[in-house]
Amino acid sequence: MTLNLHVLTPNRVVWDSKAKEIILSTNSGQIGVLPNHASLVTALDIGVMKIRLDAQQWYTMALMGGFAKIDDNNVTVLVNNAERGIDIDLQEAREYFRIAKADLARTQDKRQAIEAYVALKRARTRLEAIEAISVS
């Protein structure tokens, strides 16, 4: 038995295929989704989604916040932006992370700190998505 996974951004379809298992980063922690999962709608945090296609093959995706709907073995993920781990350039991701860390260290007020923290979280998520591939 499998899940039908659809990952959509406002501009494109990022993923549209079957999966054996999905791990999502929600606002209250990670959840695993297997076939016949209970119906659910949940907010997604900025984080890495893991997708298992078969016994050994895992893929990752950096998600930049949104929502997921799980119903009748269909998982629809609506996000602001998403990037497949295999499409992320490691050097570029490391550089964005370095810049985001430096920007956070230089913040002057609360608003700047919040914006810098979100940028750092996005940069860290991209790095985690690509680094999880090399470990798998």
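Side chains included, hydrogens not; waters and symmetry mates left out as well; all remaining heavy atoms used. Predicted, not measured: the structure shown is a model, and the values here were computed from it.
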Given side chains that start at C-beta, do those of [X] and [Y] come closer than 4.5 Å, heavy atoms only?
| X | Y | result |
| --- | --- | --- |
| Val14 | Arg12 | yes |
| Leu24 | Ile22 | yes |
| Arg84 | Tyr59 | no |
| Ile51 | Lys20 | no |
| Leu5 | Lys18 | no |
| Asp109 | Thr107 | no |
| Lys121 | Asp45 | yes |
| Arg126 | Met64 | yes |

I'd like to know if the side chain of [X] pairs up with that of [Y] as donor and acceptor (distance under 3.5 Å, no hydrogens or angles considered).
| X | Y | answer |
| --- | --- | --- |
| Asp71 | Ser39 | yes |
| Tyr117 | Glu115 | no |
| Thr60 | Trp58 | no |

Euclidean distance, Leu34 CG relative to Leu3 CG, rounded to 0.5 Å: 7.0 Å
Exam field: side chain Gln112 to backbone Gln108, donor-acceptor pair closer than 3.5 Å: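 Confirmed, Gln112 side chain pairs with Gln108 backbone.
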Asp89 side chain to Gln91 backbone, donor-acceptor under 3.5 Å: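 Yes; judged by distance alone, with no hydrogens or angles, the pair exists.
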Quick one: closest heavy-atom pair of [X] and [Y], and the distance?
| X | Y | answer |
| --- | --- | --- |
| Trp15 | Met61 | CE3-CE, 3.5 Å |
| Ala62 | Ile88 | CB-CD1, 4.3 Å |
| Asn80 | Pro10 | O-CD, 3.5 Å |
| Phe97 | Ala123 | CA-CB, 3.7 Å |
| Leu8 | Val13 | CD2-CG2, 3.6 Å |

Check ion pair Glu21-Lys50 (N to O, under 4.0 angstrom): no
Test side chain to side chain contact (heavy atoms under 4.5 Å, CB included) applied to Asn73 and Thr2, step by step: CA-CA 7 Å; Asn73 291 325; Thr2 59; over 6 Å; no
Ile46 and its side-chain contact (heavy atoms from CB on, under 4.5 Å) partner, picked from Val118, Leu63, Asn27: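 When side-chain contact (heavy atoms from CB on, under 4.5 Å) is applied between Ile46 and each of Val118, Leu63, Asn27, only Val118 qualifies.
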Cluster question for you: counting only ILVMFWY and a side-chain heavy-atom cut-off of under 4.5 Å, with indirect links fine, are [X] and [Y] together?
| X | Y | value |
| --- | --- | --- |
| Leu44 | Val48 | no |
| Leu120 | Leu90 | yes |
| Leu40 | Val75 | yes |

